[in-house]
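Structure record follows, encoded as structure tokens.
Every heavy atom of this structure was used, including side-chain atoms; hydrogens, water molecules and symmetry mates were not. Along the sequence shown, residues are numbered consecutively beginning with 1.
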Amino acid sequence: MDEGRTVAAEPTAMIAGQPSPEIVAGIFYGAAVTDMMAILVAERTAGTTRVTWGNQGAVKLLGYGVEDLGNLPFETLLPTLRGGELKLLLRRERGTQMNLPIRTASGATVDCAIISTPMPSGRMWTLRVVAGTNEQERALRATADAHERRFSTLTERSPIPMLLSEQGMRLAHVNDAFCSLLGRRAEQLLGTSWLDAVHPDDLDEVLESAADALEGGDGEAKARMVREDGTVRTTVLRFAHLFTPGVGAGFVGTIEDITDRLAFEERLAHQANHDPLTGLPNRTLLAQYVAERFAAGRSELACLFLDLDNFKVVNDSLGHAAGDLLLVEVATRLTRTVRPGDLVARFGGDEFVVVCEGVDEAAAVTLAQRIGEALSAPVRLGGVDVRPHASVGVTVQTGEHVEADELIRDCDIAMYQAKAGGKGRITVLDQQGRAQARDKLRLVADLRDAIERGEIALLYQPIFSAGDGAPVAVESLARWEHPERGLISPVTFVPLAEESGLISPLGLLVLDETCRQLADWDAELGMAAPMRANVNVSALQLDENLPVHVRAALHRHGLEPCRLQIEITESALMADPTFAREVLQQLRDLGVEVAIDDFGTGYSSLAYLRHLPVDCLKVDRSFVAELADGHAEIASAVIALAHNLNLCTVAEGVETVEQAEELARLGATFLQGFSLGRPMSGPEITTWFAAHRETLETPTDPELPR
């Protein structure tokens with residue numbers, strides 16, 4: 001501090017923004033001795049509110065002695081004050097003004113305006129009391145009554161629940177719709193009794209909103225209202241400010257009953273996230289549940305993927321209704337078997353997923369075993385005892401899991417591994433399995449790209465007439481040359497395409513490219529071009545779209561239908577013989593030929609075979625190979641069967657001249673084998689068939705029209 005500098009004294013009016021104790025004491029003393037103003041102090045202790053002090057003005061107005069005012073219960077002083085109104089009057093955040101009757105020492109009541117101001121302690125309030133009994137106020141009261149009657153007339157028959165307050169929280173009028181909403185009579189609601197119908201947990205919000213309206217604004221609160229019979233309706237209360245001269249601030253309230261709308265929205269939300277048959281969470285909710293609990297780096301989340309074994313047998317033999325009952329029973333058993341807090345979801349079809357928290361691999365496997373035991377108890381369906389079993393894939397979160405959906409993906413993979421190992425198994429996806437799965441996913445992605453970019457190449461293997469050895473047709477064979485992995489066998493990538501949903505685009509690519517190549521051969525070779533091309537079709541392509549795609553490809557390249565033969569395995573036909581017959585008949589109606597590939601290796605029904613619209617049977621190479629060992633029985637039987645059904649035959653895998661001669665002797669129509677003609681590219685076939693032009697200029701096979 002500099003010497004000689006005058007230092008001002010600390011002002012007494014304000015200390016740190018607050019009035020000084022001297023000023024407070026002065027104001028308090030002035031209030032205590034004046035009889036021009038009635039002031040009370042109220043205090044809330046141990047849940048009870050009392051008047052703890054009153055000044056001379058209060059003594060004069062109310063007639064109580066000073067000692068009586070020092071310990072006067074609030075309910076004695078304010079006999080009409082109820083819980084909600086008391087909360088509003090004694091708010092801790094800000095002051096409030098209300099019009100209330102006050103009981104004097106003589107027992108009479110006086111209508112007064114009470115202005116409450118909270119003290120910083122939060123448990124004491126000063127109350128300024130102003131009596132209103134003059135003639136002008138009575139006249140204004142009469143005006144207010146007239147206003148109230150008009151309001152009553154206007155709202156009485158309104159279907160919208162409405163209420164009117166002209167004195168703070170005290171209701172002067174409610175209409176019939178509001179009474180119906182709460183199931184109470186008007187006299188049960190007037191005054192402050194309507195607050196008793198507000199759910200206690202929502203009362204504060206209603207009071208705050210109404211207070212906002214009393215102070216000149218608008219208020220809105222979502223609150224539950226308790227009806228006379230105890231039922232609860234969820235409502236939205238909207239308050240608008242209303243000022244009545246001579247009476248004071250009030251509000252007009254309208255109530256929207258949103259109970260039914262909320263229930264409807266809840267039902268919609270439930271339906272969107274739950275399976276309608278079992279009531280379990282569906283895939284959407286499952287994904288959301290796992291995502292909410294997944295945190296990268298933790299290892300306490302486990303997923304079990306269950307797929308029922310032989311569920312299709314139940315559906316096919318006992319009907320879909322029995323299948324549905326089984327699914328419901330399985331869902332019930334799963335829910336009863338898992339730990340409290342575990343989630344059971346229906347993933348789709350006969351697949352279920354259980355999600356557990358706070359478990360390691362051993363605990364997850366133990367739970368899977370317990371589930372297996374619970375499921376294995378017999379279920380009576382259609383008079384038959386069925387014992388459900390499931391293949392279970394288990395995955396426990398590791399540091400390698402980056403995204404939540406990887407958990408579901410991994411337990412799905414583990415389930416397929418369990419299914420592949422045999423039914424009723426439990427498989428935990430280990431690191432090796434996860435690496436294999438990821439490699440498979442990458443291969444699927446590469447296959448998709450290869451199909452989209454047309455990088456699947458076609459080779460064509462010649463088919464010869466068994467009678468004169470002339471090449472008459474080709475079979476299209478898809479080949480995939482992976483840029484990094486080299487040539488990938490169709491034994492690998494065709495099943496991959498079937499599993500990943502890529503078989504349809506792959507099949508369309510092969511069909512279109514074969515037709516294009518046939519048209520090119522026609523242009524280049526003329527009469528020497530292959531008479532026909534055989535295209536293999538997966539069982540998954542055997543649907544109502546197949547004839548449409550075939551017709552479009554033929555039309556696109558200007559080919560006659562007889563230039564195409566569709567090959568399909570007998571196993572695909574036997575999956576649904578009736579439907580297969582319909583599709584094959586549509587192909588035949590187009591003029592396209594149909595062949596059964598690998599005949600004799602599947603489970604053909606000879607009875608169905610007689611009715612199937614096919615033109616040719618392909619004798620499997622395994623039966624042809626047996627010729628070398630002197631076993632011609634099966635090949636001979638297949639060829640004889642085809643003859644009896646007026647079908648031609650193609651013997652596959654012919655590798656020696658002796659085999660060719662023996663098959664021709666047995667009556668085979670066509671021959672196909674690497675030694676007779678290896679698979680070649682389109683340009684190679686052009687050259688190869690051109691070299692056989694001389695042979696083709698004198699066709700000897702009447703069964704292959706040009």
* Say whether Asp212 and Ser209, considering side chains only, have a donor N or O and an acceptor N or O under 3.5 Å apart. => no
* State, yes or no, whether a side-chain contact exists between Val59 and Tyr64 at a heavy-atom distance under 4.5 Å. => no
* Go through the steps for Thr126 and Leu40 under the test side-chain contact (heavy atoms from CB on, under 4.5 Å), then give the verdict. => CA-CA 6 Å; Thr126 60; Leu40 300 172; over 6 Å; no
* Asked: Of all heavy-atom pairs between Pro388 and Ala377, which one has the smallest distance, and what is that distance?
  -> CD-O, 3.4 Å
* Asked: Is the side chain of Glu406 donor-acceptor paired with the backbone N or O of Val402 at a distance under 3.5 Å, no angle test?
  -> yes
* To do: Please round to the nearest 0.5 Å and tell me the distance separating atom CD1 of Ile255 and atom CH2 of Trp194.
  => 7.5 Å
* **Shortest non-hydrogen separation from Ala42 to Leu127 and the atoms involved** => CB-CD1, 4.1 Å
* From Asp275, Asp307, Asp324, residue fulfilling salt bridge (charged side-chain N to carboxylate O under 4.0 Å, His left out) relative to Arg346 -> Asp275
* Asked: Would you say Cys356 and Leu304 make side-chain contact, with heavy atoms under 4.5 Å?
  -> yes
* Minimum side-chain heavy-atom gap Asp202-Lys222 below 4.5 Å -> no
* Asked: Is the number of heavy atoms from other residues, nucleotides or ligands within 6.0 Å of CD (Glu403) greater than 12?
  -> no
* More than 12 heavy atoms from other groups under 6.0 Å of OH on Tyr416 -> no
* So with a 6.0 Å cut-off around CZ of Arg128, is the heavy-atom count from everything else above 12? -> no
* **Main-chain N/O of Leu280 paired to His274 side chain as donor or acceptor, under 3.5 Å** => no
* Under 3.5 Å donor-acceptor, His270 side chain and Glu266 backbone -> no
* Structure fact -> Correct closest heavy-atom pair for Pro79 and Pro101 would be CD-O, 3.9 Å
* Passing option when Pro281 is tested against Asn273, Leu343, Val353 for side-chain contact (heavy atoms from CB on, under 4.5 Å) -> Leu343
* Straight-line distance of Leu207 CG to Leu195 CG, nearest 0.5 Å -> 6.0 Å
* Donor-acceptor under 3.5 Å (Thr235 side chain, Ala223 main chain) -> yes
* To do: Using only heavy-atom distances, determine whether the side chains of Gln288 and Glu292 contain a donor-acceptor pair under 3.5 Å.
  => yes
* Is a donor on one side and an acceptor on the other found under 3.5 Å between the side chain of Glu208 and the backbone of Glu205? -> no
* **Straight-line distance of Asp412 CG to Thr395 OG1, nearest 0.5 Å** => 9.0 Å
* To do: State the CZ-CG distance between Arg267 and Asp260, to the nearest 0.5 angstrom.
  => 8.0 Å
* Asked: Considering only heavy atoms from C-beta outward, does the side chain of Arg50 approach that of Arg44 to under 4.5 Å?
  -> no
* Donor-acceptor contact below 3.5 Å, side chain Arg339 vs main chain Glu357 -> yes
* Run the side-chain contact (heavy atoms from CB on, under 4.5 Å) check on Val354 and Ile371 step by step: do they pass? -> CA-CA 10 Å; Val354 177; Ile371 288 173; 4.2 Å; yes
* To do: Locate the shortest heavy-atom distance separating Leu190 from Val174; write the atom from each residue and the value.
  => CD2-N, 4.0 Å
* Rounded to the nearest 0.5 Å, what separation is found between the CZ atom of Arg238 and the OG1 atom of Thr254? -> 6.0 Å
* Asked: Any side-chain heavy atom of Arg233 sitting closer than 4.5 Å to one from Arg227?
  -> yes
* Report yes or no: does Asn175 contribute a side-chain atom to a donor-acceptor pair with the main-chain N or O of Ile160 at less than 3.5 Å? => yes
* Asked: For residues Thr337 and Arg333, is any side-chain donor paired with an opposing acceptor at under 3.5 Å?
  -> no
* Asked: Is it true that a side-chain atom of Ser116 and a backbone atom of Leu89 form a donor plus acceptor pair closer than 3.5 Å?
  -> yes
* Given Leu69 and Asn55, is the side-chain contact (heavy atoms from CB on, under 4.5 Å) satisfied, shown in steps? -> CA-CA 9 Å; Leu69 285 177; Asn55 70 346; over 6 Å; no
* Asked: Would Val359 and Leu367 satisfy side-chain contact (heavy atoms from CB on, under 4.5 Å), going step by step from the backbone distance to the final call?
  -> CA-CA 10 Å; Val359 296; Leu367 176 60; over 6 Å; no
* Asked: Within the side chain of Gln397, is there an N or O that forms a donor-acceptor pair under 3.5 Å with the backbone of Ala295?
  -> yes
* Is there a donor in the side chain of His401 and an acceptor in the side chain of Asp410, or the other way round, less than 3.5 Å apart? -> yes
* To do: May I ask you to decide if Leu72's main-chain N or O and Thr76's side chain share a donor-acceptor pair within less than 3.5 Å?
  => no
* To do: Taking the side chain as every heavy atom from C-beta outward, state whether Leu407 and Leu301 have any atom pair closer than 4.5 Å.
  => yes
* List for me each residue that meets side chain to side chain donor-acceptor pair (under 3.5 Å) alongside Gln271, sequence neighbours excluded, and say none if there are none. => none
* Would you indicate whether the side-chain heavy atoms of Phe251 and Leu164 approach each other to under 4.5 Å? => no
* Structure fact -> To the nearest 0.5 Å, atom CG of Leu327 lies from atom CZ of Phe352 at 5.0 Å
* **Pairwise side-chain contact, Ile102 with Asp111, heavy-atom cut-off 4.5 Å (strictly under)** => no
